[in-house]
Trainee: 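Before we start, here is the structure in question, set down as structure tokens.
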Amino acid sequence: MTALPYGDVDSHLKAMAGKAEGFGRFAIGGLHGPVYSVTTLADDGPGSLREGCRKQEPLWILFEVSGTIHLSSYLSVSSYKTIDGRGRRIKLTGKGLRLKECEHIIICNLEFEGGRGHDVDGIQIKPNSRHIWIDRCSLRDYDDGLIDITRQSTDITISRCYFQQHDKTMLIGADPSHVGDRCIRVTIHHCFFDGTRQRQPRVRFGKVHLYNNYTHNWGIYAVCASVESQIYSQCNIYEAGTKKKTFEYYTEKAADREEAKSGFIRSEGDVFLNGAQPCTLTGFSEECMFHPSEFYPVWTMEAASDSLKDVLHILTGWQSIQRPPVEQPIMRGRQLRGGNDEDVGLSEVEVPWNKSDK
């Protein structure tokens, strides 16, 4: 077995910044800001996760508590934030995170379960958001999607996540009328889709690189390529249950085109187990398919094997790991106001933030 990715990202607190593989590799989160400490499981108010996420300055958000945060409404995350659950066990329920018109977000080591309501996703990324990395999260049982990426959101990596007990798992690309979604680029790697029914993922328009994922016992199909999408499936494990069709193709007409089209899937080094049927599309030109090396030079990948499957059983989703060392003072839910606040303020942690660093 070759080395797994991200061997050094837990060496110190902010080692994750800029270390994602794939399209989300430039995501720095709150690298250039102070540490904000969540001290309450309350939905809002001083010391809450919501208070930290709404602040406009960069923050590296940590948790000093463990438990469940019941969200009464979507929790909007502003740009340049890291939500870092390492060292604690935090579950979000009720609603999910909304990444709207933001950039440079890292979400790490959280659980999402039991989101209720129309259009309620675990993590909803739309519109016009970019440079996002979602790592080591467990997601299950939401009324809509677990992760949805739509409306010109792009440059996103989803890694080492665990998906379970869900129907429409991941939608990439809103619908055939949103032709601006041609810009979408997403990398999904080292994830475990465990019995989720469909959309692992379903893609419209965008470019998606899948590698070293394990998709098991789907209910309709594993991966779906809709209108004009390009999916590069590389060294993944597809293990069927009752349903055997691995790849599905839905034909739709883009709003600015006369002819309806499906998408394309290129399968390279994938393993199909328990009668899984690749159902690859024939008759399309290789020129229609992107190659990941056009966009990033390296990624950590090994042959699909039983040992890879065993590792993904263990190392995906929320992990009971220690928090890496903190390099700077902690802002405990408050910032300096008028120069006389008792808590650690931004002026005491003079960390530069360059907004042009994207």
Side-chain angles (χ1 to χ4, degrees), residues 6 8-20 24 26-69 71 75-92 97 99 102-112 123 131-137 159 318-355 357-358:
Y6 308 130
D8 61 344
V9 298
D10 297 324
S11 59
H12 60 88
L13 185 68
K14 295 187 176 181
M16 291 188 71
K19 291 294 182 64
F26 295 125
I28 62 171
L31 173 64
H32 296 308
V35 170
Y36 172 98
S37 181
V38 175
T39 57
T40 176
L41 296 174
D43 181 24
D44 204 348
S48 68
L49 174 62
R50 192 180 296 271
E51 181 185 71
C53 288
R54 72 162 60 100
K55 292 180 182 294
Q56 295 305 301
E57 66 269 24
L59 292 175
W60 200 282
I61 298 172
L62 302 178
F63 295 86
E64 296 303 325
V65 291
S66 290
T68 300
I69 300 176
L71 300 175
L75 195 161
S76 294
V77 184
S78 61
S79 294
Y80 291 92
K81 298 294 184 294
T82 299
I83 305 176
D84 187 347
R86 290 175 295 178
R88 296 293 185 270
R89 187 163 193 171
I90 291 291
K91 179 186 291 183
L92 302 182
L97 299 181
L99 279 56
C102 61
E103 60 184 356
H104 290 286
I105 305 295
I106 298 174
I107 300 169
C108 175
N109 214 48
L110 300 177
E111 294 180 281
F112 297 78
I123 303 175
H131 303 314
I132 295 163
W133 183 16
I134 302 168
D135 182 53
R136 284 179 288 188
C137 289
S159 62
W318 178 86
Q319 300 288 304
S320 179
I321 54 177
Q322 290 187 341
R323 176 194 296 165
V326 179
E327 305 94 333
Q328 57 178 294
I330 294 177
M331 181 205 301
R332 296 191 182 277
R334 301 169 70 188
Q335 68 174 7
L336 195 63
R337 296 183 179 89
N340 57 3
D341 208 320
E342 295 179 356
D343 287 33
V344 173
L346 295 180
S347 63
E348 297 175 64
V349 188
E350 296 181 349
V351 180
W353 172 39
N354 182 3
K355 282 190 176 182
D357 185 7
K358 297 177 181 178

Trainee: Please examine the side chains of Leu75 and Ile69, heavy atoms only from C-beta on, and report whether any two atoms are closer than 4.5 Å.
Mentor: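 SC-SC contact between Ile69 and Leu75 ruled out.
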
Trainee: In Å and rounded to the nearest 0.5 Å, what is the OG1 to NZ distance from Thr68 to Lys91?
Mentor: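 It comes to 5.0 Å.
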
Trainee: Give a yes or no answer on whether the side chain of His104 reaches the backbone of Ser79 with a donor-acceptor pair at less than 3.5 Å.
Mentor: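 Checking the backbone N and O of Ser79 against the side chain of His104, no donor-acceptor pair under 3.5 Å is found.
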
Trainee: Quick test of your reading of the model: are Arg54 and Asp44 salt-bridged, counting only N-O distances below 4.0 Å?
Mentor: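 Salt bridge present between Arg54 and Asp44.
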
Trainee: Whether the side chain of Ser78 engages the backbone of Cys53 through a donor-acceptor N/O pair (distance < 3.5 Å, no angle test) should be reported.
Mentor: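 Yes; judged by distance alone, with no hydrogens or angles, the pair exists.
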
Trainee: Donor-acceptor pair, Arg50 side chain versus Ala42 backbone, under 3.5 Å?
Mentor: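 No: the side chain of Arg50 does not pair with the backbone of Ala42.
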
Trainee: Could you report the tightest heavy-atom contact between Trp60 and Leu31, atom names first, then the distance?
Mentor: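 So the two residues come closest at CE3-N, 3.8 Å.
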
Trainee: Is there a donor-acceptor pair under 3.5 Å between the side chain of Lys81 and the backbone N or O of Lys55?
Mentor: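 Flag set: sc Lys81 to bb Lys55 pair under 3.5 Å.
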
Trainee: Would you call Ile107 and Val77 a side-chain contact if the rule is heavy atoms closer than 4.5 Å?
Mentor: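 A side-chain contact is absent here, since even the closest heavy-atom pair is not under 4.5 Å.
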
Trainee: Indicate the atoms forming the closest heavy-atom contact of Asn109 with Trp318, along with that distance.
Mentor: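 That closest heavy-atom pairing would be O-CD1, 3.3 Å.
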
Trainee: Can you tell if the side chain of Glu64 reaches within under 4.5 Å of the side chain of Arg88, non-hydrogen atoms only?
Mentor: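 Touching, per the 4.5 Å side-chain cut-off.
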
Trainee: Where do Asp8 and Lys19 come nearest, in terms of heavy atoms and distance?
Mentor: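 It is OD2-NZ, 3.5 Å.
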
Trainee: So, taking the atom named CG in Leu13 and the one named OG1 in Thr82, what distance separates them when rounded to the nearest 0.5 Å?
Mentor: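 OG1 of Thr82 is found 8.5 Å from CG of Leu13.
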
Trainee: Using the six-membered ring wherever Trp is involved, compare the ring planes of Phe26 and His131 and label them parallel, tilted or perpendicular (cut-offs 30° and 60°).
Mentor: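 If you compare the ring of Phe26 with that of His131, the planes turn out perpendicular.
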
Trainee: Closest approach of Ala17 and Ile106, non-hydrogen atoms and distance?
Mentor: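 For Ala17 versus Ile106, the nearest heavy atoms are CA-CD1, 4.1 Å.
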
Trainee: Could you grab the distance from atom CG of Leu110 to atom CD1 of Ile83, nearest 0.5 Å is fine?
Mentor: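 Leu110 CG to Ile83 CD1: 6.5 Å, rounded to 0.5 Å.
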
Trainee: Mind checking the OH-OG spacing from Tyr36 to Ser48? Nearest 0.5 Å is all I need.
Mentor: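 Between Tyr36 OH and Ser48 OG, I get 5.0 Å after rounding to 0.5 Å.
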
Trainee: Give, for atom CD of Glu103 and atom CD1 of Ile132, the distance between the pair rounded to the nearest 0.5 Å.
Mentor: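 Interatomic distance, Glu103 CD to Ile132 CD1, rounded to 0.5 Å: 9.5 Å.
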
Trainee: If every non-hydrogen atom of Thr39 is compared with every non-hydrogen atom of Val65, which pair is closest and at what distance?
Mentor: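 Residues Thr39 and Val65, closest heavy atoms: O-CG1, 3.6 Å.
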
Trainee: If you look at every heavy atom in Arg86 and Val9, which pair is closest and at what distance?
Mentor: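 Arg86 and Val9 have their closest heavy atoms at NH1-O, 3.2 Å.
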
Trainee: Output the distance between atom SG (Cys108) and atom CG (Asp84), rounded to the nearest 0.5 Å.
Mentor: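 With rounding to 0.5 Å, SG (Cys108) is 5.0 Å from CG (Asp84).
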
